[in-house]
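Just so it is clear, the structure is predicted and the values come from calculations on it, not from any experiment.
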Amino acid sequence: MTTGSSALIDAGVEHPGGARRKRISTRGKLAILAAVFVAFCLVRWATGATQFTSVGSITATLVLTMPIAMAGLAGLWSERSGIVNIGLEGMLIAGTIFGAWQGSLHGPWVGVIAGMIGGALFGLIHAIATVTFGVDHIVSGVAINLLALGVAGMMAELLFPESNGKQSPPVGQITKITLPWSNWMNDVQHKGIPVVSDLAGIVGGLTTNLSLLTILCLALFPITFYILWRTAFGLRVRSSGENPQAAETLGVNVYKMKYIAVIISGAMGGIGGAYLVTVSSQIYLENQTGGRGYVGLAALIFGNWTTSGTLLGSLLFGYTSAVNARSDLTASTAIVVLVALGLAMMLVLELRKLAERRAEVAVKRSSHRSTLIFTVVVGIASVAALVVAAIRLLISMEFIPGRTTVSGTPAKIGLGIVLVLVLILIAAVIYFAIRAFQSTRLRAQFSRNLGAYVVGYVIFGWMWLSNTGIPQSFKSAIPNIITLLVLAFAAQRLRPPAADGLDYRKGK
């Protein structure tokens, strides 16, 4: 059973571009995380934007991340069984109203259980529609969202008439814990020591005012991973989402697996909704979910339908939102600059791939020409943007145009490191762009990512050339734009379950 199912899960897997991509090793992933951490420290050091790694920002990140992460985890359970679930927003809504109803009567933990049951009920409706009656998954998901919105409004008017259904009585607070070393970590973070203070801020944020429900939600990720990827039950669920006909021949009850997975999906979404009313605000409010179910779906796709990737994508949304909410426009602008530097590094890797003829082989001549044009345009635009950035850093001592003039020895050292990094990127882009151009002339090849780099560099050029930074009215959209950019680059490596969204009928 195990060997056969493992084989059928891998059967028919075709990677975008027709080529298998090299998996990143654990050591490589840790190296990437370490590099990202150092980059954050460097930006905080050079800009003085203390909110980047402060205790408060990390604590707020967890609170903002958990509802999104639970929506993403809900989507993971459903889609691994082959059922597309865009009804995540509705399941979160069900979690809020059921959680507030019982939570206001019997306490927050009862509210969490009620929210989980409410979400599971909507998951059951989605399963009946898609598995038994074969309703299109997208249509069913939209219906779930609309149905949950209507049910929640009706229940709120009946349960909370004193506020016309706009809000509930207080639900109460779930116990929060603060570990003994948190105050010491807070003191170290305020000293502003490069790297050490940043690390203290992160550790302090993860151990200060930490709700027990947050710990439970975080624990559900490794538990889900173990069940789906290490148990026979998880193997049957994933087989139903990859190749249900083959799973059926091995004796798997595919209908049963899909039903169980979608109901669990609803329960996870319900916990996310209950989190909003028991931890985030401790009260039910109309339209409280605010589209977090859709963001969770995006986090699931960003995470390539894996537990760790979904949690990472959710943290990306939560972190950028937390920093945006807790600081002025300077920190938000610094995040965009950080992303722009990351784009430059990724561009170097992409051009290197073209230079070494490891890109996809072009079938049409137009693709060949497109790659040459893109390589030239992106190369020139990148170098121009980086040169202007270097000049501004060197002459004006401004990390962010018109926003922050660097002062103080530590900040100048940080700025100097950023300047060296920019100069290295300039040299690398020029070198690999020339080699990529020569290589592509000899053999037709193309890269879909080059188009995404053009979009990225429009933002990059705007940041450094406009001398105005980001408009205040644009601030709230920054987290979504950054995540959209990341998704654009990650899209080339994404692979959903093979039978995701396909109708399955037993015996066919």
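- Taken to the nearest 0.5 Å, the CD1 atom of I97 stands 4.5 Å off from the OH atom of Y284.
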I174 vs W109, side-chain contact (heavy atoms from CB on, under 4.5 Å): CA-CA, chis, key distance, verdict: CA-CA 7 Å; I174 288 179; W109 280 112; 3.7 Å; yes

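- To the nearest 0.5 Å, atom OG1 of residue T214 and atom CG of residue N209 are 10.5 Å apart.
- Under a 3.5 Å cut-off, the side chain of R80 and the backbone N or O of W77 do not form any donor-acceptor pair.
- Of all heavy-atom pairs spanning P169 and F160, the tightest one is CD-CD2, 3.5 Å.
- The pair E356-R352 counts as a salt bridge, with a side-chain nitrogen and a carboxylate oxygen less than 4.0 angstrom apart.
- Here CZ of F225 is found 11.0 Å from OG1 of T231. Values are rounded to the nearest 0.5 Å.
- Inspection of the S57 and S54 side chains reveals an N or O donor paired with an N or O acceptor under 3.5 Å.
- Aromatic ring pairs are classed by plane angle as parallel below 30°, tilted from 30° to 60° and perpendicular above 60°; the pair H137 and H126 is perpendicular.
- With rounding to the nearest 0.5 Å, the separation of CG in N287 from CG in L149 is 6.5 Å.
- Between I83 and S78, the closest heavy-atom pair is O-OG, 2.7 Å.
- Under a 3.5 Å cut-off, the side chain of S104 and the backbone N or O of A100 do form a donor-acceptor pair.
- No side-chain heavy atom of F98 sits less than 4.5 Å from a side-chain heavy atom of M116.
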Should L124 and Y259 be marked as a side-chain contact (heavy atoms from CB on, under 4.5 Å) after you check the CA-CA gap, both sets of side-chain angles, and the distance that decides it? CA-CA 7 Å; L124 176 62; Y259 258 90; 4.0 Å; yes

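- In the model, Y294 has a side-chain atom that pairs as donor or acceptor with a side-chain atom of N145 under 3.5 Å.
- Here the side chain of E157 pairs no donor or acceptor atom with the backbone of G165 at under 3.5 angstrom.
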Intermediate values then yes/no, side-chain contact (heavy atoms from CB on, under 4.5 Å), W305 and T310: CA-CA 7 Å; W305 290 266; T310 301; over 6 Å; no

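- Environment of OH in Y226: sparse, with no more than 12 heavy atoms of neighbouring residues, nucleotides or ligands closer than 6.0 Å.
- Without hydrogens or angle criteria, E242 side chain to A498 main chain gives a donor-acceptor distance under 3.5 Å.
- Looking at L210 and I215, their side chains come closer than 4.5 Å, going by heavy atoms from C-beta outward.
- In this structure, L220 and M268 have side chains that are in contact, with non-hydrogen atoms separated by less than 4.5 Å.
- For the pair I128/I125, no side-chain contact is recorded, criterion being any heavy-atom separation below 4.5 Å from C-beta on.
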Report, one line per pair, each donor and acceptor closer than 3.5 Å where one atom sits in a side chain of residues 196-204; sequence neighbours left out.
from: S197; atom 1: OG; to: V188; atom 2: O; distance (Å): 2.8
from: S197; atom 1: OG; to: G192; atom 2: N; distance (Å): 3.2
from: S197; atom 1: OG; to: I193; atom 2: N; distance (Å): 2.6
from: S197; atom 1: OG; to: I193; atom 2: O; distance (Å): 3.2
from: D198; atom 1: OD1; to: R44; atom 2: NE; distance (Å): 2.9
from: D198; atom 1: OD1; to: R44; atom 2: NH2; distance (Å): 3.4
from: D198; atom 1: OD1; to: T53; atom 2: OG1; distance (Å): 2.5
from: D198; atom 1: OD2; to: R44; atom 2: NH2; distance (Å): 3.1
from: D198; atom 1: OD2; to: V195; atom 2: N; distance (Å): 3.1

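- A donor-acceptor pair is defined here as one N or O able to donate and one able to accept, closer than 3.5 Å; no such pair exists between the side chain of T208 and the backbone of G205.
- The main-chain N or O of I283 is found under 3.5 Å from a side-chain atom of Q288 such that the two form a donor-acceptor pair.
- Between V254 and Q245, the closest side-chain pair of non-hydrogen atoms is not below 4.5 Å.
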V110 and I113: side-chain contact (heavy atoms from CB on, under 4.5 Å), yes or no, with the steps? CA-CA 5 Å; V110 176; I113 296 171; 5.6 Å; no

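- Side chains of L64 and Y319 form no contact here, defined as non-hydrogen atoms less than 4.5 Å apart.
- Minimum interatomic distance between A74 and G269 (heavy atoms only, all atoms of both residues): CB-N, 3.6 Å.
- P67 and G272 get closest at one heavy-atom pair: CB-O, 4.0 Å.
- Of all heavy-atom pairs spanning M257 and S240, the tightest one is CB-OG, 3.5 Å.
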In sequence, state the C-alpha distance, the side-chain angles, and the governing distance for Y255 and Y504, and then conclude on ring-ring contact (aromatic ring centres under 6.0 Å, His included). CA-CA 9 Å; Y255 283 157; Y504 163 74; 5.4 Å; yes

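- Checking each of L297, I93, L300 against L88 for a side chain to side chain contact (heavy atoms under 4.5 Å, CB included) leaves exactly one that passes, namely L297.
- Within the 4.5 Å cutoff, the side chain of K166 has no heavy atoms near those of the L285 side chain.
- Of the residues listed (L62, L212, L73, I271), the one engaging C217 in a side chain to side chain contact (heavy atoms under 4.5 Å, CB included) is I271, and it is the only one.
- To the nearest 0.5 Å, atom OG of residue S314 and atom CE of residue M70 are 10.0 Å apart.
- The line from CD1 of I227 to CG of L235 is 13.5 Å long, rounded to the nearest 0.5 Å.
- A donor-acceptor pair is defined here as one N or O able to donate and one able to accept, closer than 3.5 Å; such a pair exists between the side chain of D136 and the backbone of I138.
- Taking both residues in full, the closest heavy atoms of N85 and S265 are given as ND2-OG, 3.0 Å, listed atom of the first, atom of the second, then distance.
- Side-chain atoms of E89 come within 3.5 Å of backbone atoms of G293 as a donor-acceptor pair (strictly under, hydrogens ignored).
- The number of heavy atoms from other shown groups lying within 6.0 Å of NZ (K176) is above 12.
- For the pair K258 (side chain) and S81 (backbone), a donor-acceptor distance under 3.5 Å is present.
- Between V237 and I260 there is no side-chain heavy-atom pair separated by less than 4.5 Å.
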